[in-house]
Amino acid sequence: MIRTPRLELISCDLETLRAIAAGREALAAHLGVAIPDGWPEFPEAYRHALELLEEDLDVGGWWTYVFVARGEAALVGSGGYKGKPDVDGAVEIGYEIAPAFRRRGFATEAAEALARFAFTDPDVCTVLAHTLPRSSASTRVLDKIGMRHDGIAEDPEDGTVWRWRLDRT
């Protein structure tokens with residue numbers, strides 16, 4: 001678990017991912033928190049995460065997290081890493097915040113915590129992220145946490161995206 005002043009980022013184990021797959025009521029009972037409307041925005045990501053974790057339990061801490069607001073007993077979003085550090089010591093982060101919890105700083109707090117936590121691993125040299133190629137709430141979040149725009153990349157699903165980078169200092 002990763003803690004911030006307002007959030008607990010809970011690494012999804014098999015039970016949690018199975019609860020997500022079973023639906024909102026199952027997840028609410030499993031976590032003991034309210035699940036907001038509009039979450040998850042990308043449900044297919046959780047099925048994929050479950051399949052990956054069933055194949056390799058070691059990927060757990062380098063994959064999916066749910067974000068719970070500590071004072072509100074509510075799930076506010078989710079995110080995590082797109083796998084273990086690669087051969088160059090890079091990991092990629094991603095995140096989503098439920099509509100009811102946007103514009104409250106939770107995305108910035110979670111993204112910063114994910115980046116900071118990644119750097120606790122001595123093998124991690126770089127944290128990456130990708131956004132659609134336009135100024136948006138996501139690009140502002142990445143800018144706030146010190147990431148810099150590092151060019152463009154081609155994503156097989158999203159096409160051209162902006163690449164963001166934060167190097168260990």
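Small disclaimer: the values here were computed from a predicted structure and weren't measured.
Proximity of Cys125 to Asp167: side-chain heavy atoms (C-beta onward) are nowhere separated by under 4.5 Å. Two residues are said to be in side-chain contact when any heavy atoms from C-beta on lie closer than 4.5 Å; Leu7 and Val68 fail this criterion. Looking at heavy atoms from C-beta onward, Asp37 lies in side-chain contact with Arg24 at the 4.5 angstrom threshold.
Rounding to the nearest 0.5 Å places CD1 of Ile97 at 8.0 Å from CZ of Arg102.
Following chains of ILVMFWY side-chain contacts shorter than 4.5 Å, one can reach Leu14 starting from Ile10, so the two form part of one hydrophobic cluster. Residue Val161 is not grouped with residue Leu128 when hydrophobic side chains (ILVMFWY) are merged at heavy-atom distances under 4.5 angstrom, including chains of intermediate members.
Side-chain N or O atoms of Arg165 include none that pairs as donor or acceptor with a backbone N or O of Thr126 at under 3.5 Å.
Trp164 and His149 have perpendicular rings, their planes meeting at more than 60° on a 0 to 90° scale where under 30° would count as parallel. Note: His48 and Trp63 have tilted aromatic rings, judged against thresholds of 30 and 60 degrees for the angle between ring planes.
Shown here for Leu53 and Asp13, the closest heavy-atom pair between the two residues is CD2-C, 3.7 Å.
A side chain to side chain contact (heavy atoms under 4.5 Å, CB included) with Ile35 holds for exactly one of Ile20, Val66, Leu27; it is Leu27.
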Test log, rule side chain to side chain contact (heavy atoms under 4.5 Å, CB included), inputs Tyr46 and Ser78: CA-CA 10 Å; Tyr46 302 94; Ser78 56; 2.3 Å; yes

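Using a 4.0 Å cut-off between a side-chain N of Lys or Arg and a carboxylate O of Asp or Glu, Arg70 and Glu109 do not qualify as a salt bridge.
Proximity of the aromatic rings of His130 and Trp162 is defined here by a centroid distance below 6.0 angstrom, and this criterion is not met.
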